[in-house]
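All ligand and atom numbering here is 1-based and tracks the order in the structure. Note that the structure is predicted; figures quoted are calculated from it, not measured.
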Amino acid sequence: MPRKKRPDKIVLATRNRGKIREFKFLLRQIPLNILTLDDFPEVPEVQETGETFFDNAFKKAYEIATSLGMITLADDSGLEVDALGGAPGVYSARYAGDKATDEENYLKLLKELKGVPLERRTARFRCVIVVCDPHGAWLKAEGVWEGLISFSPRGRYGFGYDPVFLIPDLGKTAAEIPPKFKNQLSHRANALRELIELLPTFLQII
Ligand code: ITT
């Protein structure tokens, strides 16, 4: 029987510039051409209607892999703040409203946490990644990054809630550390480390 051709491309199911930058850097050792939804402007936005990070990541990966006929990687990620019962969680991107900017979201978070002392401002970023093939076979990986919510925004790097996410060991926010450091510590890096272990086997069996 002829061997199936090994896949040489993967689509990142996102148009988020910050995520694309980080994924491209973190996946640089994988011998696959990386495409993004910017290469497929006709693909509509997948609605993130799930109640968990996995539901949303799976929905994005499955819908795009099956419609484009290409291996697709999707993630869903967000910030869980303990003093807010895990909010904003899966709603992180639209915490301050459907079209909210990153700044509006983190300012709302700081407002909700007004008066909460540092020791109770514990939080974590969580990232769930799903890779799906055009036939619906899938693979999941997950990573977290523990920290604290600062009292005011600081730093110019990164995106999203980075300016208010304090890394306890460094005393700096995620927006104050250059991307190459964030890319070693982050929830996305931790999820990708797990994924990279599993991906070669997954790609050979499909
Ligand atoms: P896609 O769904 O198109 O990938 P998105 O911005 O909607 O892009 P998510 O649904 O995964 O992404 O929402 C994640 C939100 O959580 C994101 O908009 C940020 O506000 C926040 N977030 C996720 N990872 C982050 C990080 O590394 N640094 C700061 N904020 C982050």
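- Taking D162 as the reference, K182 meet the salt bridge (charged side-chain N to carboxylate O under 4.0 Å, His left out) condition, with sequence neighbours excluded.
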- Query: Passes side-chain contact (heavy atoms from CB on, under 4.5 Å), D133 versus L203? Steps please.
  - Reply: CA-CA 9 Å; D133 83 355; L203 293 180; over 6 Å; no

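- The salt bridge (charged side-chain N to carboxylate O under 4.0 Å, His left out) check on D39 picks up nothing, with sequence neighbours excluded.
- Judged by the 6.0 Å and 45° rule, R121 forms a cation-pi pair with F151.
- Not counting sequence neighbours, the partners of Y62 by the ring pair (Phe, Tyr, Trp, His ring centres under 6.0 Å) test are F58.
- Contacts of ligand 1 (protein heavy-atom distance under 4.0 Å) are T14, R15, N16, K19, E48, K60, D76, S77, G78, S92, A93, F125, F159, G160, Y161, D162, K182, H187, R188.
- No cation-pi contact links R21 to F25, judged by a cut-off of 6.0 Å to the six-membered ring centre and 45° from its axis.
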